**Student:** 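One structure is given below, represented as structure tokens, and several questions about it will come after.
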Amino acid sequence: MANIPSCSGVGAQCHGLDVTLRVARLDGGPESADHEATWLLGHTERLDFGPLVGHGDELRCAAYLAIPCRFARVDGATVACGTHGFSGSAPRPPHRPAERRLGGDRVALAHHGRLQPVEIPPAPSRGLPVVTGDNPCATARCRTADQTLGAACCRDLQIEILCSPEDVELESLVRTRKSPYLCKVDRESADSLGAEVISACSFLAEDQVSCSLHGRHRPDGRTAKPDLCFDWPKPGDVYHSGCVFRPAESPN
């Protein structure tokens, strides 16, 4: 069967996968990828991240995808493979989503090329509501493919996994992760696979819709909130179910 890993027994690959991610291109020095890296490393619900590492003109990091194989049937510490037919003990490794909000005004951001604690003051309060400052997604009925309601754009993301066509086993392991938590795998480039992952951003505020970085700035004046998070969905984008920006269907 195509895309089935040639596993010799149950093991760590049943529960998750170690990969290397391409984070961003370094177009203007080590700080140029801070926004993209802050965005990616914020999505910790099902992703564990290693240190950011420069590699030529790009930024990379090791990551653990805490997403099981879709063929694995787990019962406590016992795993049975629904494809190869073997079973055995394979305890699930611990995964506790890393918290990027560290208390008070401290948050963990990609800053000057590495993930580090940064003090950012709270956003200035407004005396009166400002229409342009309202969050249009606050009451949206959008949902991700796992049927989680609200803030869908902050709960899924696209990742780029370094994997050459010759690394057949790694590609098979990636492609057999459980959907929809990892899905839509496609060859992104000659050395990488693109995939969609459901893994909520840890910068979501207590209401699980608002962004705790909104309106706040780094010590050097740059926004704490990643710049790509300021872009609302545009015509031609793929919309989540229930998105407030989805164009209204014209009546027949």
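What's counted below: heavy atoms across the whole structure, side chains too, no hydrogens, waters or symmetry copies. Every value quoted in this text rests on a predicted model; they were computed, and no experiment measured them.
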**Student:** With rounding to the nearest 0.5 Å, note down the distance linking CD in Glu160 to CZ in Arg22.
**Tutor:**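 Between atom CD of Glu160 and atom CZ of Arg22 there are 4.5 Å.
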**Student:** Can you confirm whether Asp57 is buried at CG, in the sense that more than 12 heavy atoms of other residues, nucleotides or ligands lie under 6.0 Å from that atom?
**Tutor:** yes
**Student:** Salt bridge (Lys or Arg N to Asp or Glu O under 4.0 Å) with Glu188: which residues, sequence neighbours excluded?
**Tutor:**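 Glu188 satisfies salt bridge (Lys or Arg N to Asp or Glu O under 4.0 Å) with no residue once adjacent residues are dropped.
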**Student:** Could you tell me whether a side-chain N or O of Arg246 sits under 3.5 Å from a main-chain N or O of Gly242, the two making a donor and an acceptor?
**Tutor:**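 No, Arg246 side chain to Gly242 backbone: no donor-acceptor pair under 3.5 Å.
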**Student:** Is the closest side-chain heavy-atom distance between Leu47 and Leu65 below 4.5 Å?
**Tutor:** yes
**Student:** Taking the side chain from Ser87 and the backbone from Ala80, do they hold a donor-acceptor pair closer than 3.5 Å?
**Tutor:** no
**Student:** Ile159 versus Val19: any side-chain heavy-atom pair under 4.5 Å?
**Tutor:**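 No; the side chains remain at least 4.5 Å from each other.
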**Student:** Could you note down all residue pairs passing salt bridge (Lys or Arg N to Asp or Glu O under 4.0 Å) where residues 143-155 supplies at least one of them, sequence neighbours left out?
**Tutor:**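 Every pair satisfying salt bridge (Lys or Arg N to Asp or Glu O under 4.0 Å) with a residue in residues 143-155: there are none.
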**Student:** Got a sec, which residues hit side chain to side chain donor-acceptor pair (under 3.5 Å) with Thr38, two or more places apart in sequence or on another chain?
**Tutor:** Arg218
**Student:** Carefully, step by step, assess Leu157 and Leu40 under the rule side-chain contact (heavy atoms from CB on, under 4.5 Å).
**Tutor:** CA-CA 8 Å; Leu157 68 155; Leu40 175 62; 3.5 Å; yes
**Student:** What do the steps show when you test Cys14 against Phe71 for side-chain contact (heavy atoms from CB on, under 4.5 Å), and what is the final call?
**Tutor:** CA-CA 8 Å; Cys14 299; Phe71 300 120; over 6 Å; no
**Student:** For residues Glu31 and His112, is any side-chain donor paired with an opposing acceptor at under 3.5 Å?
**Tutor:**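 Their side chains do contain a donor-acceptor pair, which is all the 3.5 Å distance test asks for.
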**Student:** Are the side chains of Pro180 and Ile198 in contact, using a 4.5 Å heavy-atom criterion?
**Tutor:**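 They are in side-chain contact.
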**Student:** How far apart are the closest heavy atoms of Thr144 and Ala152, and which atoms are they?
**Tutor:**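 So the minimum-distance heavy-atom pair works out to CG2-O, 3.8 Å.
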**Student:** Report yes if the side chains of Phe245 and Pro136 come closer than 4.5 Å at any heavy-atom pair, otherwise no.
**Tutor:**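 SC-SC contact between Phe245 and Pro136 confirmed.
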**Student:** Check whether the side chains of Ser210 and Asp207 place a donor and an acceptor atom closer than 3.5 Å, and report yes or no.
**Tutor:** yes
**Student:** Could you tell me the separation between the CZ atom of Arg177 and the OG atom of Ser179, rounded to the nearest 0.5 Å?
**Tutor:**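 Nearest 0.5 Å value for the CZ-OG distance: 12.5 Å.
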**Student:** Is there side-chain contact between Thr223 and His35, with heavy atoms separated by less than 4.5 Å?
**Tutor:**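 When only atoms from C-beta onward are counted, His35 and Thr223 do touch, with a gap below 4.5 Å.
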**Student:** Does any part of the side chain of Leu162, heavy atoms only, come nearer than 4.5 Å to the side chain of Arg60, both counted from C-beta?
**Tutor:**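 Heavy-atom side-chain distance check passes, below 4.5 Å.
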**Student:** Is there a chain of hydrophobic side chains (I, L, V, M, F, W, Y, each step under 4.5 Å between heavy atoms) that links Phe203 to Leu102?
**Tutor:** no
**Student:** Could you grab the distance from atom CG of Leu41 to atom SG of Cys61, nearest 0.5 Å is fine?
**Tutor:** 5.0 Å
**Student:** Do Gln116 side-chain atoms and His111 backbone N/O form a donor-acceptor pair below 3.5 Å?
**Tutor:** yes
**Student:** Membership question, hydrophobic clusters at under 4.5 Å side-chain separation (ILVMFWY): are Val79 and Tyr181 in the same one?
**Tutor:** no
**Student:** Working to the nearest 0.5 angstrom, can you tell me the gap between Leu109 CG and Glu119 CD?
**Tutor:**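 Reported value, rounded in 0.5 Å steps: 11.0 Å.
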**Student:** Determine whether a donor-acceptor pair (N or O, by modelled atom type, separation under 3.5 Å) exists between the side chain of His15 and the backbone of Ala72.
**Tutor:**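 Side chain of His15 to backbone of Ala72: no pair is present.
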**Student:** Look only at the side chain of Arg216 and the backbone of Ala123, and say whether a donor-acceptor pair between them is shorter than 3.5 Å.
**Tutor:** no
**Student:** Check step by step if side-chain contact (heavy atoms from CB on, under 4.5 Å) holds for Ser32 and Arg25.
**Tutor:** CA-CA 8 Å; Ser32 62; Arg25 301 287 182 181; over 6 Å; no
**Student:** Output yes when a side-chain donor or acceptor of Ser202 lies under 3.5 Å from a complementary backbone atom of Gly42, and no otherwise.
**Tutor:** yes
**Student:** Is there a path of hydrophobic side-chain contacts, each under 4.5 Å between heavy atoms, that joins Leu21 and Leu52?
**Tutor:**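 Shared cluster, yes.
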**Student:** Compute both the distance and the angle, then confirm whether Lys225 meets the cation-pi test with Phe230: under 6.0 Å from the six-membered ring centre, within 45 degrees of the axis.
**Tutor:** yes
**Student:** When you measure from the side chain of Tyr239 to the backbone N and O of Lys234, does any donor-acceptor pair fall under 3.5 Å?
**Tutor:** yes
**Student:** Are the side chain of Ser199 and the backbone of Arg46 linked by a donor-acceptor contact shorter than 3.5 Å?
**Tutor:** yes
**Student:** Is the closest side-chain heavy-atom distance between Leu17 and Leu182 below 4.5 Å?
**Tutor:** no
**Student:** Under 3.5 Å, is there a donor on one side chain and an acceptor on the other for Glu169 and Ser6?
**Tutor:**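 Judged by distance alone, the side chains do pair up.
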**Student:** With distance as the sole test, does Gln13 use its side chain to make a donor-acceptor pair with the main-chain N or O of Val10 at under 3.5 Å?
**Tutor:**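 Judged by distance alone, no pair lies under 3.5 Å.
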**Student:** When rounded to the nearest 0.5 angstrom, what distance separates OG1 in Thr83 from CD1 in Ile4?
**Tutor:** 4.5 Å
**Student:** Got a sec, which pairs hit salt bridge (Lys or Arg N to Asp or Glu O under 4.0 Å) with one end in residues 32-42, sequence neighbours left out?
**Tutor:** Asp34-Arg222
**Student:** Please step through side-chain contact (heavy atoms from CB on, under 4.5 Å) for the pair Ile67 and Val197, ending with a clear verdict.
**Tutor:** CA-CA 9 Å; Ile67 301 170; Val197 173; 4.0 Å; yes
**Student:** Using modelled atom types only, decide if a donor and an acceptor are shared between the side chain of Asp167 and the backbone of Ser164 within a distance under 3.5 Å.
**Tutor:**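 It does not hold such a pair.
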**Student:** Could I get the full list of side chain to side chain donor-acceptor pair (under 3.5 Å) partners for His240, not counting sequence neighbours?
**Tutor:** Asp156
**Student:** Any salt bridge (Lys or Arg N to Asp or Glu O under 4.0 Å) involving residues 89-103? Give me the pairs, sequence neighbours left out, ordered by first then second residue.
**Tutor:** Glu99-Arg101, Arg101-Glu206
**Student:** Can you classify the ring geometry of His84 versus Phe86 as parallel (below 30°), tilted (30 to 60°) or perpendicular (above 60°)?
**Tutor:** parallel
**Student:** Is the shortest heavy-atom distance from the side chain of Cys81 to the side chain of Arg73 under 4.5 Å?
**Tutor:** no
